[in-house]
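Worksheet: one structure, shown below.
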Amino acid sequence: MASTQVETKTSLTQKLKNSSLKKKSIPYLLVFPAILFVVGVLGYAIVAGVLMSLYDMQLSFADAPFIGLQNYIYLFTDSTFLNSLFVSLIFVFGSVVLGLTLSLSFALSLYKCKRSGNFFKALSLVPYLISGIATAIMFRFLFSGDVGLINMILSTFGLDTVNFLANPWWALLICILANVWFVCPFATLILLSGIQSVDQELFDSAKIDGAHKHHILLKIILPLIAPMMGISLIWLSFASFNMFDVILPLTNGGPGRATEVMALYMYNVAFDELQYSLGSTVMVIILFFNVLTSLIYLKVFNVNYSE
Amino acid sequence: MEGTGFIKTTQSWMGKRWHWIPLIILLVWTILPLVWAVSASFKEATEVYQTPVSLIPESFNFDNYIRVFDYPNFWRYLFNSVFLAVTTTVLAVAVSILAGYAFARYAFRFRHILLIFILVPRIIPRASIIVPLFTGIAFLGILDSYLALVLTYTATAVPLATWILAGFFKVIPKALEEAAAIDGAKPWQIIWHVVIPISLPAIITVSIFSLREAWNEFPFVLAFTSSQEMRTLPYQLFMLKDSMGMQDWPMVLAFTIVTILPLLILYIIFEKKVVNNILSGAVK
């Protein structure tokens, strides 16, 4: 691949009158603006965040004393942070389990569905277009104590209504549901693209060999789409570990701190208590969890991130 | 990993019509929150409290929407949202076309390192980096400005856009570009006259992704702006929920629908391209 590009490039170079130095600088010039944005903003954020987590920064960075890992030690002995870590882990686990179950069954049935398949494919992506705030408000309206549709249905059937968002466990479950609604569509399409790339002949020959239905799914489809499953799992857990938009308007971390995930804790510590160093420390911890979970997925699902 | 839906699909794979069960779940699950919100947005404020519930409002009244448009500063928030979405999309797409073309067509030193610089941040979530970004923006003295939002929105959109475009550029035949190069066309002339016209489907997809990011963005605008004039529609929707204590549901929901509609319309127009581009595996 690279060698053919080099060949084309050299053959072009001979035909052009441009000096080779000018020619060589072209790709760097083309890449420069993108690198500037990405490294300047995102790269800066990571480096500055890691540095800030090692200092005790109150107002400005200039006079902040270096305190090593003390911010980390503080957080891991702070019950409020440990609570948010615990809430995050449940939230992510719930979202990933529910999200993968739904997106896998959606993707498999979208693949099977020939008639009106395009309609359902288009429909399945709709929540992806909607903001986290709007998602949160619609789910709040569905599950609210007085006007919520779910409670009205419950009372129509003579069942007791539940004040969902006032109960810690219900509130967390509603957050997971809203989050899955919001992040699942993308995972569905990633999985569907994996299933579609499986060779149709494999299905046919399996059918001819009289393979059992669940054998086809378990022995052929699932192993072949394992890398895509890894990628959708990375997507689901990344989106969930850092979820902020949906939870803030839905429960604001409440009741109490029952739905205060790490991203919310980070926001409060940084912008309400103005402890930027602690906020950055939480950022490093969140990113650490992101990297850790994706390494596990990459290993387990054999994802090969080739270009 | 196993749930009822999963087992059902397992047992019925290749079975006759069982795939309709997950599809019906998909349909209800996807549209229920939306349909219910749309229905309530046409209701009177007191009607949402009535039992038994009705999906069809007693009378379709557009009062709630008119109140949204009359809301103080609504047009300013709309302008901010549109301005930020369009500016950052144009910037991000332009920057990504150049970078994507370089990665697709040139072999150069540090190519792999630079590619990693672009691709790794693709998976860095926005919400998690607000704290160091905030201090950096405060240091530059550009808090509460369009510049801060344009810079951060563009930077977060570039990685995915570059990735998708590079993948697309790689598969277009080189013959046209080579012919143009032999005729003495410069690289930017080739990009402008040859590459961009044949890559329009990918560019549209990338633009919709980037528009979606900027239009729905919330953590950055919440953290980096303070004055009311800088608010975007999602920010105001969030404030609406706070200040009204969620009492005036029909109006809040009408506002919600107004923020959803523009993207939904764009999506309906370009849906095939977007869905097919994701399905071709361009987005990972």
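Computed over heavy atoms, backbone and side chain alike; hydrogens, waters and symmetry mates excluded. A note on names: the letters A, B, ... follow the listed sequences, proteins ahead of strands, and every chain is numbered from 1.
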message: Applying side-chain contact (heavy atoms from CB on, under 4.5 Å) to Tyr101(B) and Leu30(A), what does each step give before you reach the verdict?
response: CA-CA 8 Å; Tyr101(B) 187 74; Leu30(A) 291 176; 4.0 Å; yes
Atom pair [atom1]/[atom2] of [X] and [Y] - distance to nearest 0.5 Å:
| X | Y | atom1 | atom2 | answer |
| --- | --- | --- | --- | --- |
| Lys186(B) | Ile26(A) | NZ | CD1 | 9.5 Å |
| Leu110(A) | Lys112(A) | CG | NZ | 12.5 Å |
| Tyr267(A) | Ile247(A) | OH | CD1 | 15.0 Å |
| Leu108(A) | Leu192(A) | CG | CG | 9.0 Å |
| Ile182(B) | Glu178(B) | CD1 | CD | 6.5 Å |

Candidate pair Glu213(B) and Tyr153(B), rule side chain to side chain donor-acceptor pair (under 3.5 Å), full reasoning: CA-CA 8 Å; Glu213(B) 284 279 317; Tyr153(B) 286 18; over 6 Å; no
If you count heavy-atom pairs within less than 4.5 Å of chain A, which of [options] leads?
| options | value |
| --- | --- |
| Leu222(B), Val274(B), Val275(B) | Leu222(B) |
| Phe255(B), Phe218(B), Trp215(B) | Phe218(B) |
| Gly167(B), Ala138(B), Gly136(B), Ala37(B) | Gly136(B) |
| Leu32(B), Leu233(B), Thr256(B) | Thr256(B) |
| Gly100(B), Ala127(B), Pro33(B) | Pro33(B) |
| Ile31(B), Thr30(B), Ile257(B), Ile191(B) | Thr30(B) |

Pairing residues for Val150(B) by the side-chain contact (heavy atoms from CB on, under 4.5 Å) criterion, not counting sequence neighbours: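 side-chain contact (heavy atoms from CB on, under 4.5 Å) list for Val150(B), sorted by chain: Leu84(B), Thr87(B), Thr88(B), Leu91(B), Thr154(B).
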task: Mind checking side-chain contact (heavy atoms from CB on, under 4.5 Å) for Leu102(A) and listing every partner two or more places apart, or none if nothing turns up?
output: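 For Leu102(A), the residues satisfying side-chain contact (heavy atoms from CB on, under 4.5 Å) (neighbours in sequence not counted) are Leu98(A), Phe106(A), Val180(A), Cys184(A), Trp29(B).
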Could you look at [X] and say if it's the side chain, the backbone, both or neither that has a heavy atom under 4.5 Å from chain B?
| X | answer |
| --- | --- |
| Leu287(A) | side chain |
| Leu248(A) | both |
| Tyr28(A) | side chain |
| Phe141(A) | both |

- request: Give the minimum heavy-atom separation between Ile137(B) and Ala148(B), together with the two atoms involved.
  value: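 Of all heavy-atom pairs spanning Ile137(B) and Ala148(B), the closest is CG2-CB, 3.8 Å.
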Could you tell me which of [options] has the largest number of non-hydrogen atom pairs under 4.5 Å with chain B?
| options | result |
| --- | --- |
| Met262(A), Lys121(A), Met138(A) | Met138(A) |
| Ser124(A), Ser277(A), Gly49(A), Ala122(A) | Ala122(A) |
| Trp181(A), Phe120(A), Phe37(A) | Trp181(A) |
| Leu177(A), Val282(A), Asn290(A), Val291(A) | Leu177(A) |
| Leu149(A), Leu123(A), Leu125(A) | Leu149(A) |
| Leu29(A), Leu129(A), Asn118(A) | Leu129(A) |

task: Check the angle between the aromatic planes of Phe143(A) and Phe139(A) and answer parallel, tilted or perpendicular using the 30° and 60° thresholds.
output: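 Rings of Phe143(A) and Phe139(A): parallel, as their planes differ by under 30°.
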task: Using the six-membered ring wherever Trp is involved, compare the ring planes of Phe209(B) and Tyr128(A) and label them parallel, tilted or perpendicular (cut-offs 30° and 60°).
output: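 If you compare the ring of Phe209(B) with that of Tyr128(A), the planes turn out perpendicular.
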Which portion of [X] sits near chain A, non-hydrogen atoms under 4.5 angstrom:
| X | answer |
| --- | --- |
| Leu253(B) | side chain |
| Ile129(B) | both |
| Ile97(B) | neither |
| Thr152(B) | both |
| Phe134(B) | side chain |
| Ile268(B) | neither |
| Leu34(B) | both |

Electrostatic pair Arg105(B):Glu177(B) at N-O distance under 4.0 angstrom: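 Looking at Glu177(B) together with Arg105(B), the answer is yes, because their closest N to O distance falls below 4.0 Å.
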message: Quick one, Leu263(B) with Tyr267(B), criterion side-chain contact (heavy atoms from CB on, under 4.5 Å). Give me CA distance, side-chain angles, the key distance, then yes/no.
response: CA-CA 6 Å; Leu263(B) 266 190; Tyr267(B) 174 65; 6.0 Å; no
